[in-house]
Amino acid sequence: MCGHCCSTPLLDQVPASLIPCLDSKVTMEAGGLPLELWRMILAYLHLPDLGRCSLVCRAWYELILSLDSTRWRQLCLDCIECRHPNWPNQPNVEPESWREAFKQHYLASKTWTKNALDLESSICFSLFRRRRERRTLSVGPGHEFDSLGSALAMASLYDRIVLFPGVYEEQGEIILKVPVEIVGHGKLGEVALLASIDQHCSTTRLCNLVFMPAWFSPFMFKTTSGHVQFDNCNFENGHIQIHGPGTCQVKFCTFKNTHVFLHNVPLCVLENCEFVGSENNSVTVEGHPSADKNWAYKYLLGLIKSSPSVLPTENSDSLMSLDLESRDQAWSPRTCDIVIEGSQSPTSPTSSSPKPGSKAGSQEAEVGSDGERVAQTPDSSDGGLSPSGEDEDEDQLMYRLSYQVQGPRPVLGGSFLGPPLPGASIQLPSCLVLNSLQQELQKDKEAMALASSVQGCLIRKCLFRDGKGGVFVCSYGRAKMEGNIFRNLTYAVRCIHNSKIVMLRNDIHRCRASGIFLRLEGGGLIAGNNIYHNAEAGVDIRKKSDPLILCNQIHHGLRSGIVVLGNGKGIIRSNQIFSNKEAGIYILYHGNPIVSGNHIFKGRAAGIAVNENGKGLITENVIRENQWGGVDIRRGGVPVLRSNLICFGYSDGVVVGEEGKGLIEGNTIYANKGCGVWMMSSSLPHVTSNHVSYNGLYGVAMFSQKDGSGEFPGGHGAQENFSEDGDAILWETELEKDDDPLRRPITIALVESNSINHNGASGLYVQSSEALHIITNVIHANGDRGITVAQSSQLTRVANNSISCNRQSGVKVEAQCKVELRGNGIYDNRGHGIITKGDSTIVIENDIIGNRGSGLQLLPRSDTKVIKNRIHSFRAYGIAVRGRTKALVQENIIFQGKTNKTIFQQVSNNHECIMKNNKFLVFKKNSTLGGLSLALVYAGVPGQLDAGPALLTFPRHHGRTQNPRTTLSSSRFQEGIEVLSGDAC
């Protein structure tokens, strides 16, 4: 291969008898020389002799292979035409096999002569014979030629021109008309060539030279059709240009402030090169690969396929070069569970602890503000909020009515039904386990085809550092980058104008702008890369670009991990995005990616932010331990957020800010320190079928104003600079107006079919100036009320919900609120069933049963209609009226609780409380039946009530009225029930 390795004769001291002939049958028998002695002898042989020895027999072949770390290593490192196999990225890491590395370089170094075999059938034999007997021309002081130009004038096909140490400056452009090999003698750096070379021949090779531009042209080398091979060269302060169908093969070269232009190239290979200090792009790949291919194309393609690939295997699924000292080491690429950190659950409300001096077994209720009752029963297995079970006495069980309490609905299995315990491990379901790159490629044939394809330019195992740009791909260009390191650049890779890139296993860090930048319909595959510590986004996608971003680690960025804007698209799947200063994924200005199967965690802002009319399908991601909201939606953002796990955040789970929209469906929002879902009343989200549990504050909260927390609680909505050069860009002028069938437009915010349970404060809190619908939710065992309506200037409709086992009242409506409660089951809450002082409250067709306070409590200055409800309270009144209240109580069925309590209580002289056609059932001892029976009382005759409001009092002793105006008549219509009727009670 090189002169030093191939031209030295056999070592004279080694006896000829030890070098067996090819037809001998010599074997290493037990009585022969020890293997250690054989290895010592063979270590003196040169490359041709080692090859001959390996052909003797199997034993000799294995013996030659065993010299990998000795003789083969020495041959590889002593060769002047190559460098360390892992240079420049890992020069201290030894290759798996020195022999294999030496073999690959040897084969690659001969590519430039392969076309001679193609010429054999068409060119006369004398030409082929001349190539076999090529000459060596020496250039330098005291040698045959004194300049490169004079040597080239005398060179024939495939001659070798050796430049001895010195500086060679050519005053005119050198044109290569015949295939030649130009090699520098001695160590790299001893031969410098100041020239502008234009290749017109089919092939050439340049090795061990330092290139500098001539005084008259910045181009050091250019070709338009032939093949050029550079080995172990340095290029300084100039340009290299390859134009298709020309090809090039570059290995072990250093480019200092040198720009490589590749125009319409069908295939070029840059391997183990270093690019330093570029003032522009280091490599530019422009134009679609030429359909017209030269002779070298098939040989380069075969060489690429035969060399070791960086594609992952089952046993090697790690990044090639990861310096992750600052990375969260506890997170594995194949994590199947989450370890809970910290010492206390975020949902440990202060009210869950018994007050000092209170009895642990007390069943009495304590009256709070506004007459609200708070039971002090100790916790049970269901969060301590179920009144049924061990603490019920015999009387209470006898007075219980039949009903069914809806508990939490599991979404991701049992791991998320219980409270988070510090140090415990939560098993992830299979749909949320992070896939490896190998698994993703196996199930995605299109991604596998992209990863295996080679077209345009292949850049492999190179180092780009300390310059402006790395690789620029434009105008339908194609480039593949494998195992490279990009560091301390303005940007690593730019892909624009319908170009396509394939990036596998690269290391991109400390860029002064974005790491990877795609715009104007750029695309391709970005997989298995390690992208970190960049000043802007790790990956920036805009202007209709549509890449596949797969199994990358994007972390510790000074801004966002991935940004999608300006109609950008893309598939973002199975990535680890963590510890970024801003949003892990930021979608805005009509960006519309598919984000699935990612683990987004430990960010210093939101996990995913959707802003400024951003869209996106966000599904089956694990979003955890972020400082702000797990997902933040505002200012026209309209994503589909489906089947994600959003947990352990230091703020809210999902934030829907001003003018936020979108579908939030089927997510598990668990153990966040703030709210499960935080919304502003100006937003129009559709929140449906989510499991919202064990969050530190409200399960779901809607606020009408900015409060004292600022427009963006926890710092939501910080703006990022999304222009290319730091200037503001009005993206709205370029946006598409497309319809998305996934997003059903809604005109009223909707909270529907969610399981909201075990949250630290109210399950659902409303402080809104806009209409809101709360429908068919299970609101269970929350640390405060089930639903609190603190402000509702427009109608809040609460329909068909199950509201049960909450620590205080089931529903509380504050003053000046407009609320309709219809068809709800309000069961077993520790306070009242419903407590209201709203000025327009409608309570219709609800089941209000088993609450520890009154079934319904009407506070002063409230205006309430109570129609067709079933109401029962064991400990207190069915309906209690506090102060001057305007109410219509009509066609309800109201059960009395324990026999020493009343059904209804109100202050006297309240003429604005009207009763119509209600049924009152009281428990009565029945000696005939040997137990309790119900007495049914009909209260109110419509004809009499029309004349004006009636003064109503109700029986206190076993259903018997004390009102002297009441006329009683008794008749049995069913055994065990006594019917009492009258015009008023």
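Counted by atom type alone, Y650 and N626 present zero donor-acceptor pairs between their side chains at under 3.5 Å. A side-chain N or O of S804 and one of H780 form a donor-acceptor pair less than 3.5 Å apart.
Heavy-atom minimum distance, G763 versus I756: O-CG2, 3.2 Å. Annotation for W628 and A606: closest pair CB-N, 3.7 Å, computed over non-hydrogen atoms. The shortest non-hydrogen separation linking I587 to I618 is CD1-CD1, 4.4 Å. The shortest non-hydrogen separation linking C817 to V813 is CB-CG1, 3.7 Å. Among all heavy-atom pairs drawn from N672 and G649, the shortest one is OD1-N, 2.8 Å. Across every non-hydrogen atom of V563 and S560, the tightest pair is CG2-CB, 3.8 Å.
A donor-acceptor pair is defined here as one N or O able to donate and one able to accept, closer than 3.5 Å; such a pair exists between the side chain of N829 and the backbone of I803. For N592 (side chain) and K615 (main-chain N/O), no donor-acceptor pair under 3.5 Å exists by modelled atom type. At distances below 3.5 Å, at least one donor-acceptor pair connects side-chain atoms of H832 with backbone N or O atoms of S854. In this structure, the side chain of N611 does not engage the main chain of L588 through any donor-acceptor pair within 3.5 Å. A donor-acceptor pair is defined here as one N or O able to donate and one able to accept, closer than 3.5 Å; such a pair exists between the side chain of N777 and the backbone of S753. Checked by atom type and distance alone, the side chain of S873 pairs as donor or acceptor with a backbone atom of A876 at under 3.5 Å. For the pair N782 (side chain) and S762 (backbone), a donor-acceptor distance under 3.5 Å is absent. Looking at N846, its side chain does come within 3.5 Å of a backbone N or O of N824 through a donor-acceptor pair. Judged by distance alone, the side chain of N869 and the main-chain N or O of N892 form no donor-acceptor pair under 3.5 Å. The backbone N or O of G637 lies less than 3.5 Å from no partner atom in the side chain of N613, so there is not a single donor-acceptor pair.
A salt bridge is defined here as a Lys NZ or Arg NE, NH1 or NH2 lying under 4.0 Å from an Asp or Glu carboxylate O, and R604 with E582 fails to meet this definition. A salt bridge does not link R635 with E659: none of the charged nitrogens is closer than 4.0 Å to a carboxylate oxygen.
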Worked check of side chain to side chain donor-acceptor pair (under 3.5 Å) between S768 and S792: CA-CA 5 Å; S768 173; S792 179; over 6 Å; no
From CA spacing to verdict: side-chain contact (heavy atoms from CB on, under 4.5 Å), N759, L697: CA-CA 6 Å; N759 298 286; L697 298 178; over 6 Å; no
Trace of the side-chain contact (heavy atoms from CB on, under 4.5 Å) decision for M679 with V687: CA-CA 10 Å; M679 302 182 290; V687 183; 3.9 Å; yes
Working for side-chain contact (heavy atoms from CB on, under 4.5 Å), residues V889 and N918: CA-CA 7 Å; V889 182; N918 298 284; 3.7 Å; yes
Test side chain to side chain donor-acceptor pair (under 3.5 Å) applied to H686 and E752, step by step: CA-CA 8 Å; H686 183 183; E752 177 186 25; 2.8 Å; yes
Derivation and outcome, side-chain contact (heavy atoms from CB on, under 4.5 Å), residues V655 and I633: CA-CA 6 Å; V655 174; I633 307 165; over 6 Å; no
Stepwise salt bridge (charged side-chain N to carboxylate O under 4.0 Å, His left out) check, R807 with D784: CA-CA 5 Å; R807 192 172 295 276; D784 196 8; over 6 Å; no
Steps toward salt bridge (charged side-chain N to carboxylate O under 4.0 Å, His left out) verdict (K837, E814): CA-CA 5 Å; K837 52 183 175 182; E814 296 287 358; 3.4 Å; yes
Working for side chain to side chain donor-acceptor pair (under 3.5 Å), residues T841 and T864: CA-CA 5 Å; T841 304; T864 309; 4.6 Å; no
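Geometric assessment of R624 against the ring of F648 yields a negative cation-pi assignment under the 6.0 Å and 45° thresholds.
T796 is listed as a side-chain neighbour of I774, based on a closest heavy-atom distance under 4.5 Å. Two residues are said to be in side-chain contact when any heavy atoms from C-beta on lie closer than 4.5 Å; L772 and V766 meet this criterion. Side-chain contact between Y827 and C805: absent, with no pair of heavy atoms (C-beta onward) separated by less than 4.5 Å. Taking 4.5 Å as the limit, some side-chain heavy atom of V798 sits within range of a side-chain heavy atom of I787. For the pair E820/L795, a side-chain contact is recorded, criterion being any heavy-atom separation below 4.5 Å from C-beta on. Side-chain contact between V866 and L856: present, with at least one pair of heavy atoms (C-beta onward) separated by less than 4.5 Å. Considering only heavy atoms from C-beta on, I562 comes within 4.5 Å of I577 through its side chain. With contacts defined as side-chain heavy-atom distances shorter than 4.5 Å, the pair V677/I669 qualifies.
To the nearest 0.5 Å, the span separating CD1 on I914 from CG on L888 amounts to 6.0 Å. The structure places CD of E612 at 10.5 Å from CG of L565, a figure rounded to the nearest 0.5 Å. From S769, atom OG reaches atom CZ of F703 across 13.0 Å, with rounding to the nearest 0.5 Å. S840 OG to K865 NZ: the interatomic distance, rounded to the nearest 0.5 Å, is 7.5 Å. How far CZ of R852 is from OG of S809: 13.0 Å, rounded to the nearest 0.5 Å. In this structure, L821 CG and T836 OG1 are separated by 8.0 Å, a value rounded to the nearest 0.5 Å.
Of the listed residues (V654, I646, I585, N667), just one forms a side chain to side chain contact (heavy atoms under 4.5 Å, CB included) with I623, and that residue is I646. Applying side chain to side chain contact (heavy atoms under 4.5 Å, CB included) to R642 and the options N690, L663, T688 leaves one that passes, L663. None of R822, K868, R870 except one satisfies the salt bridge (Lys or Arg N to Asp or Glu O under 4.0 Å) rule with D847; the exception is R870.
Under a cut-off of 6.0 angstrom, the local environment of CD in Q794 is crowded, with over 12 non-hydrogen atoms contributed by other residues, nucleotides or ligands.
Classification of the H758-Y694 ring pair by plane angle, with boundaries at 30° and 60°, yields parallel.
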